Amino acid sequence: MKPPSPNTVPTDVYLSFVSSLFGNRKTLFTGVAVHILTYVIVFLSTRANIYLVLCLAFAAVFALRMYSFWLFDVADKHSFTRADIARWETRYVIGAAATASILGIGSGYAILIVQDPLAEFICIAVTMASMVSIVGRNYGSQKAIDLQTLACCLPIIIACLMSQQLYKAVVSIMLVPFGLTTRAMANGVREFLYKNVIASREISQIADRFDTALNNMTHGLFMLDAHNRILVVNRKACELLNFSHQEQLKDCEFDVVLRYGARHAFIDGSLPGLIQRQMAQLVSGTLSRTLIQFNEDQFLEFSASRRADGVVILIFEDVTVRIRAERKILHMVRYDPLTGLPNREYFVEMVKEKLAARSSEGQIGILVLDVDDFKHVNDTKGHVTGDRLLVAIAERLKEIAGTTALAARLVGDQFVLFFPNEGNASDIDDRVRALHAGMTGSYDVDDNSFRISFSGGYVTMSNREFRSEEWQIKADLALFDAKLRIKGGCSAFEQEMDARYVERQKLKDDLREAVEAGNLQAVYQPMFTPDGSRIDCCEALARWVHPEKGSIPPNIFVQIAEEMGIVGGITRFMINRACRDCVSWPAPVAVSVNLSAQDLRSNDIVGIVMEALDASGLEASRLHLEVTESCLMDEVATVRSILADLRSKGITIAIDDFGTGFSSLSYLDSLPVDVVKIDRSFVRDITTDSRRFKLLCGIVDLSRALSLHIVIEGVETLEQLALIVEKNLADIIQGYVFSAPVSKEQVSGMVENLVRRQSGPRHDHVA
């Protein structure tokens, strides 16, 4: 590789070459001393004064060169431009060429003028010796080599040629290849040094880049030799492992560094056995990757690779944030975000884990709790309060369950508990019922106190009989049974519940078909004036005769319809049938139809009613619509708007079963109501219980003060009727004392009989 010219080499390399010219000044002192001493000897030998002049020239040139060297030393080389470096090279070359010229002139003069063999020998020997030193001192500048070689050799060649001595001329010509060889040697040295300078610079750059990359990695790194000693460690490794002196870790035993390398490291003096084993497995190659927890707040993930020469590279990173995120996600997947209880899926996993850990067979229990009337809390207090109530329930559930049961949230307002019964105690039923009873009570939320009860259903079984796909079905069947029996009750699963459930599901399917096909029936219970002389209205009552089971009680199939959400279909059927039947009755007898809470959740009911009136031709004033107090409690604003719309069209609105709801008295004055139907529970025992009779009178007085029409239901005896008539408590009487529910044809006959009965005496009198 031929070294580039000064114009093409990098500036820093060019500067290093020129700087080499101004170095090693001891040889200059030695050279000038030898030169002057040599020429003094020549002078003494030949008495040629020119050599004294040349001695003075040596001294003067040397002094100037030393001054130039001093200036170069004090110059700010960092600010040198390429032109500045070239000027300094030129200064050096002039001084060196001047010294070489003095040597060449002295040698040529001795050959041509003095012609003394000793003088010739001394001068030529010193000159040739100086040429040898040219390579060692001046390789950094080709100009210096060329000019010094020319300055030394050219005067000798000229003098030999001018001496007209053949042998001297021939020998002098041989100085040409000598000079060229000298020049080539210098170029070879410069080329070699140039390569090394470039290689050294590249190695330095690579080392700097490697060091920068290594110490700016986001991962920690250890490189270990075959004997487990640290060859390389980066800054991130020291940060992650809390080491303060990176440079002191090289050649240390890796295990020793981990154990004792940092006085204030979070790794204690004796690494836990698990960490020791994991590290040993990584270094040995048994493991290629592992996660190590050094403390509660630090997770490091290590990976290792082993080379053929035994060198092991350990790379690790802080994955604490990732682990926390994974744990948070896992917690979100496993736990209910509102209550913090396990969700259904994780509950099943934990149950399976506990059952798998059991060593012996025994009875276990699973209890499902359903918050009674929770929808009422949401509707009256808002969902935020409802959510806080669920949180309070969950806290009490965890407190009562303690370590004896595992609690979880199923969905909505349902909770589930697993009783592992690890001690195989025989009182598991008692403990389940005790926990159910303990949950009932007052819950204080947002300055509100709620009296909460729970319906519960549970199943007990052998731990070997547990099936994840069956337990909830059985518990739900028991819960359903508890709800049917009494609010706040708790039932254990029994095998016949399964049959009842299947039967009920079949009944649901049949009811849906009956409603869709219009296979229901309507009967009517007349409402009489207190004296029994006239039928004012008839309440339409739905009946369902099952093709196989016969007549199904209304309280059963209406409840099923509400569960299925098809009660609106029954309402539509009853309104249409009642309107058509009422048209066939003598005016002004009216018909009354019950509306459910589901009917009053949207304005669709208004359209249904108006379509029925239009289709039948019945006057709106002859249609009464009855709503229960529970309907009024659900979404009061919506219900009030719907009832007002119906009433504005001439339809009479009545409150059914008045007195059995929650806050009916506070709503009476604000709701668009025409009639109050006092529930039969206020009529029972009025002839024997004075307090109950006074309560009935109070309700009547309040209703009359609000100008409401009063219907008393459930009047069954003549004594009750007589007392009501005596105190003028009712405008209309409904009950078995006058009539049970009858068909539409019987209603027409009853009306006609009453008309004939009233008109018969008049005809006889006229006759």
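Keep in mind that this is a model prediction, so the values were computed, not measured.
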Inset, instruction - Calculate, to the nearest 0.5 Å, the distance between atoms CG and CZ belonging to L397 and R409 respectively. - result: 12.0 Å
Legend entry - Residues Q598, E562; criterion side chain to side chain donor-acceptor pair (under 3.5 Å); working and verdict: CA-CA 8 Å; Q598 293 181 18; E562 290 177 343; 5.9 Å; no
Legend entry - Nearest atoms (heavy-atom pairs only) where P741 meets Y736: CD-OH, 3.8 Å
Inset, instruction - Would you confirm whether N343, through its side chain, and Y346, through its main-chain N or O, come within 3.5 Å as a donor-acceptor pair? - result: yes
Inset, instruction - Using atom types as modelled and distance alone, determine if a side-chain donor or acceptor of R692 lies under 3.5 Å from a backbone N or O of S681. - result: yes
Legend entry - Output field: ring centroids W471/F493 closer than 6.0 Å: no
Inset, instruction - Go through the steps to decide whether Q414 and L479 satisfy the test side chain to side chain contact (heavy atoms under 4.5 Å, CB included), and finish with yes or no. - result: CA-CA 11 Å; Q414 283 193 352; L479 177 63; 3.5 Å; yes
Legend entry - Straight-line distance of D599 CG to I642 CD1, nearest 0.5 Å: 9.5 Å
Inset, instruction - For the pair R680 (side chain) and V715 (backbone), establish whether a donor and an acceptor sit closer than 3.5 Å, ignoring hydrogens and angles. - result: no
Inset, instruction - Starting at CD of E563, measure out to CD of Q559 and round the result to the nearest 0.5 Å. - result: 5.0 Å
Inset, instruction - Without swapping roles, check the side chain of Q746 against the backbone of V742 for a donor-acceptor pair under 3.5 Å. - result: no
Inset, instruction - Using modelled atom types only, decide if a donor and an acceptor are shared between the side chain of Q720 and the backbone of I686 within a distance under 3.5 Å. - result: no
Inset, instruction - Go through V683 and I678 one step at a time and tell me if the side chain to side chain contact (heavy atoms under 4.5 Å, CB included) criterion holds. - result: CA-CA 8 Å; V683 179; I678 299 175; 5.5 Å; no
Inset, instruction - Please find out if less than 6.0 Å separates the ring center of F450 from that of Y443. - result: no
Legend entry - Candidate list T652, D674, V609, test side-chain contact (heavy atoms from CB on, under 4.5 Å), partner L625, passing option: V609
Legend entry - salt_bridge(K677, E626) N-O dist < 4.0 Å: yes
Inset, instruction - Using atom types as modelled and distance alone, determine if a side-chain donor or acceptor of D446 lies under 3.5 Å from a backbone N or O of N448. - result: no
Legend entry - Separation of R580 CZ from K744 NZ (nearest 0.5 Å): 8.0 Å
Legend entry - side chain to side chain donor-acceptor pair (under 3.5 Å) between E539 and N594, intermediate numbers included: CA-CA 8 Å; E539 181 178 359; N594 290 281; 2.8 Å; yes
Inset, instruction - Walk me through it: do D657 and T628 pass the test side chain to side chain donor-acceptor pair (under 3.5 Å)? - result: CA-CA 6 Å; D657 300 334; T628 62; over 6 Å; no
Legend entry - CA sep, side-chain torsions, deciding dist, call: F738, L721, side chain to side chain contact (heavy atoms under 4.5 Å, CB included): CA-CA 10 Å; F738 283 125; L721 177 62; 3.8 Å; yes
Legend entry - Aromatic ring pairing Y335/H331, orientation class (parallel under 30°, perpendicular over 60°, tilted between): parallel
Legend entry - R622 side chain to V589 backbone, donor-acceptor under 3.5 Å: yes
Inset, instruction - Could you tell me whether a side-chain N or O of D336 sits under 3.5 Å from a main-chain N or O of T339, the two making a donor and an acceptor? - result: yes
Inset, instruction - Walk me through it: do E719 and T687 pass the test side chain to side chain donor-acceptor pair (under 3.5 Å)? - result: CA-CA 7 Å; E719 291 79 6; T687 58; over 6 Å; no
Inset, instruction - Answer yes when D370 and K483 have at least one side-chain N-carboxylate O distance shorter than 4.0 Å, and no when they do not. - result: yes
Legend entry - Closest non-hydrogen atom pair between V591 and A540, with its separation: CG2-CB, 4.3 Å
Inset, instruction - Looking only at non-hydrogen atoms, find the nearest pair between R451 and G441 and report the distance. - result: NH1-CA, 3.4 Å
Legend entry - Test item: R433 side-chain N/O and C490 main-chain N/O as donor-acceptor pair under 3.5 Å: yes
Legend entry - Between NZ on residue K694 and CG on residue D689, distance to nearest 0.5 Å: 10.0 Å
Inset, instruction - Among D731, V725, L729, find the one that has a side-chain contact (heavy atoms from CB on, under 4.5 Å) with P530. - result: V725
Inset, instruction - Test V371 against F415 for side chain to side chain contact (heavy atoms under 4.5 Å, CB included), laying out the working first. - result: CA-CA 9 Å; V371 184; F415 298 86; 4.2 Å; yes
Inset, instruction - Could you tell me whether the side chain of S641 and the main chain of T638 form a donor-acceptor pair under 3.5 Å? - result: no
Legend entry - Spacing of CZ belonging to R485 relative to OG belonging to S455, to within rounding of 0.5 Å: 12.0 Å
Legend entry - D510 bridged to R512 by N-O distance under 4.0 Å: no
